[in-house]
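Residue numbering restarts at 1 for every chain, and letters A, B, ... go by the order of the sequence lines. In what follows, every heavy atom counts, from backbone to side chain, and hydrogens, waters and symmetry copies are set aside.
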Amino acid sequence: MTEFGERVYDLVRRIPHGKVVSYGAVAALLGRPRAARGVGAALAALPDGTDVPWWRVINANGEISIRNTDHLPARQRALLRAEGVRFDRRGRVDWKRYGWNPEELGEEAAGAGRP
DNA sequence: ATGGAGGCGCACA
DNA sequence: CTGTGCGCCTCCA
C-alpha cells in the first residue's frame, strides 16, 4: 500500500459514525488539497469487506458520486442512512448537520484522536 | 515505465 | 441552475 493510501484509510477510519467528509477535505487534511481524485482512487481500490468506512466520504456537493465499482451508490446510501444520515430530495446531505469537523486533527502527528 | 481512466473540485460560460 | 474545461493525484492494466 502506498503512503498516501495508508493515510487516506487511516483518516477515513477516524470518521465518526453518522458523519461524512468530502474527498477534497480528506485530501486537504493529508496535505494535498488537490488530490481529491486520488482519494477517490484510493477508496475505489478497497475490497468489499474492508474495515474502512468508505461510505462516509462523499463529494463537496454532499452527494454520492460513485458510478460503478465494487461499491455501489445504493449501498453507500443505505449504509449512511443506517447511520442516521438523511438525504434531501436532491440526494444531498446537510453538511451543517452531518459534516465531520476534524478540528485539530489536521496534523496526524497528534496521533490519537481527542474527544 | 507509460498511458488511460477515474467515487473530485473549481472557475467560467 | 446546467454544461464544459482544466488541473491535480492515485490506481491499475
Between [atom2] of [N] and [atom1] of [X], the distance in whole Å:
| X | N | atom1 | atom2 | answer |
| --- | --- | --- | --- | --- |
| A:L43 | B:dG6 | CG | P | 17 Å |
| A:L30 | C:dC8 | CG | P | 18 Å |
| A:W54 | B:dC8 | CH2 | P | 13 Å |
| A:E63 | B:dG9 | CD | C1' | 13 Å |
| A:R32 | C:dC11 | CZ | P | 12 Å |
| A:N59 | B:dC8 | CG | C1' | 8 Å |
| A:R34 | C:dC6 | CZ | P | 18 Å |
| A:I64 | B:dG9 | CD1 | C1' | 18 Å |

[X] near the nucleic acid: base, sugar-phosphate alone, or nothing, with a heavy-atom cut-off under 4.0 Å?
| X | answer |
| --- | --- |
| A:Y23 | base |
| A:A44 | base |
| A:V39 | nothing |
| A:A41 | base |

So, for [X] and [Y], which heavy atoms are closest and what is the spacing to 0.1 Å?
| X | Y | value |
| --- | --- | --- |
| A:A35 | A:A27 | C-CB, 3.6 Å |
| A:A42 | A:G5 | CB-CA, 4.5 Å |
| A:V21 | A:W95 | C-CH2, 3.6 Å |
| A:W55 | A:Q76 | O-NE2, 2.9 Å |

Exercise. Toward the 5' end of DNA chain B, which comes first, A:I58 or A:G38, by nearest nucleotide?
Worked result: A:G38
For this session: Counting Watson-Crick and G-U wobble pairs only, both distances under 3.5 Å, name the nucleotide matched with B:dG9, or none.
Result: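 Pairing partner, where one exists within any strand: C:dC6.
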Quick check for you: among [options], whose closest atom lies nearest to any side-chain atom of [X]?
| X | options | value |
| --- | --- | --- |
| A:A36 | C:dC1, B:dG6, B:dC8 | B:dC8 |
| A:A35 | C:dC9, B:dC8, C:dC12 | C:dC9 |
| A:R67 | B:dG6, C:dC11, C:dC1 | B:dG6 |

For this session: May I ask you to evaluate whether A:T2 reaches the phosphate of C:dT10, defined as a side-chain N or O under 4.0 Å from OP1 or OP2?
Result: no
Problem set entry | Within 6.0 angstrom of A:R34 CZ, more than 12 heavy atoms from elsewhere |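 Result for CZ/A:R34: open.
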Exercise. So does A:R37 reach the base of B:dG6 with its side chain, donor to acceptor, closer than 3.5 Å?
Worked result: yes
